[in-house]
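Report on the structure given below.
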Amino acid sequence: MNGPPVAVLMGSDSDMKVMEGALEMLRYFDVPYEVKILSAHRAPEEVASFAKTAEDRGIKVIIAGAGWAAHLAGALAANTIIPVIGVPIDSSPLQGLDALLSTVQMPPGIPVATVSIGKGGAKNAAILAVEILSLEDKTLREKLILYRLSMKEEIMKKNEAFL
Ligand code: RP5
């Protein structure tokens with residue numbers, strides 16, 4: 001089936017303010033996505049079923065954000081061979097350090113590509129997803145090159161203020 005190539009999952013609707021960083025970037029690159037609230041501990045069967053059917057529905061990359069002892073990305077990765085990118089969310093008293101370790105420290109054999117904590121990480125998760133898709137999409141590759149160029153131009157422009 002030809003659904004959107006990227007799925008953005010999060011453990012709670014309270015994660016949306018962080019995960020919006022990923023959605024904004026996917027929209028910037030014109031990459032269609034689907035969004036779902038699914039929790040590894042509150043809805044474990046639904047998480048497994050989502051991951052098991054993702055490939056058949058055309059999903060090529062999953063982005064998963066969760067806070068506290070975050071298991072969502074790992075639980076998804078355990079049930080699919082498509083790449084899973086984990087975003088540790090700073091929603092706990094440990095400000096995301098717990099989620100970072102839970103997400104990045106996957107035991108050998110089932111990787112989760114883990115980005116930095118919070119909204120910046122969510123933004124990078126989307127860029128990494130676009131980079132994965134760009135391996136088979138020349139238009140996306142061009143957009144990524146232009147995006148990097150625009151960042152460079154922006155930073156160089158800031159120097160003009162000191163002239
Ligand atoms: C995690 O617990 C979620 O990913 C969220 O970051 C955190 C708090 O969830 P809520 O209690 O706000 O639903 O599972």
Side-chain angles (χ1 to χ4, degrees), residues 1-135 140 143-144 147 151:
M1 257 171 72
N2 267 347
V6 179
V8 180
L9 272 63
M10 59 202 88
S12 167
D13 57 345
S14 65
D15 296 327
M16 186 54 100
K17 54 192 177 299
V18 170
M19 294 309 288
E20 186 57 43
L23 306 185
E24 280 163 14
M25 270 337 274
L26 292 169
R27 286 195 291 270
Y28 175 89
F29 285 105
D30 282 322
V31 171
Y33 58 81
E34 67 174 18
V35 182
K36 277 219 173 325
I37 314 292
L38 276 182
S39 161
H41 59 286
R42 290 169 177 158
E45 291 88 3
E46 287 76 5
V47 168
S49 150
F50 182 91
K52 282 177 184 163
T53 57
E55 197 174 353
D56 283 348
R57 286 182 287 113
I59 293 168
K60 294 192 162 57
V61 189
I62 297 175
I63 296 172
W68 293 70
H71 297 310
L72 180 58
L76 289 160
N79 285 289
T80 181
I81 56 163
I82 63 180
V84 176
I85 305 171
V87 183
I89 295 194
D90 46 338
S91 55
S92 76
L94 297 184
Q95 296 173 324
L97 189 56
D98 41 3
L100 171 66
L101 294 175
S102 307
T103 308
V104 77
Q105 283 291 84
M106 281 298 285
I110 310 287
V112 167
T114 306
V115 292
S116 48
I117 298 169
K119 196 163 184 177
K123 182 174 176 175
N124 271 353
I127 298 169
L128 181 54
V130 175
E131 287 178 358
I132 293 168
L133 297 176
S134 79
L135 293 171
L140 277 185
K143 281 184 185 171
L144 280 164
Y147 174 65
M151 283 192 294

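Quick note: residue numbers are just sequence positions, from 1. Counting starts at 1 for both ligands and their atoms, in listed order.
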Evaluation steps, side chain to side chain contact (heavy atoms under 4.5 Å, CB included), between Leu144 and Phe29: CA-CA 8 Å; Leu144 280 164; Phe29 285 105; 3.8 Å; yes
Met10 heavy atom under 4.0 Å from ligand 1: no
Rounded distance (nearest 0.5 Å) linking atom CD1 of Ile127 with atom OG of Ser134: 12.0 Å
Atom 2 (O) of ligand 1 [closest protein heavy-atom partner, distance rounded to 0.1 Å]: Trp68 CD1, 3.7 Å
Numbered atoms and elements of ligand 1 in range of Ala66, under 4.0 angstrom, heavy atoms: 4 (O)
Protein heavy atom at shortest distance from atom 12 (O) of ligand 1: Ser14 OG, 2.7 Å
Atom 13 (O) of ligand 1 [closest protein heavy-atom partner, distance rounded to 0.1 Å]: Ser12 OG, 2.6 Å
Atom 11 (O) of ligand 1 - nearest protein heavy atom and its distance: Arg42 NH2, 3.2 Å
From CD1 (Ile110) to CD1 (Ile81), nearest 0.5 Å: 10.5 Å
Identity and separation of the nearest protein heavy atom to atom 1 (C) of ligand 1: Gly67 O, 3.7 Å
Protein heavy atom at shortest distance from atom 5 (C) of ligand 1: Asp15 OD1, 3.2 Å
Euclidean distance, Leu9 CG relative to Leu38 CG, rounded to 0.5 Å: 5.0 Å
Test: Asp30 and Lys143 ion pair at under 4.0 Å: yes
Element-labelled atoms of ligand 1 that are located less than 4.0 Å from some non-hydrogen atom of Ser91: 5 (C), 6 (O), 7 (C)
Atoms in ligand 1 flagged as close to His41, the criterion being non-hydrogen separation under 4.0 Å: 14 (O)
Salt bridge flag under 4.0 Å for residues Glu34 and Arg57: yes
salt_bridge(Glu20, Lys123) N-O dist < 4.0 Å: no
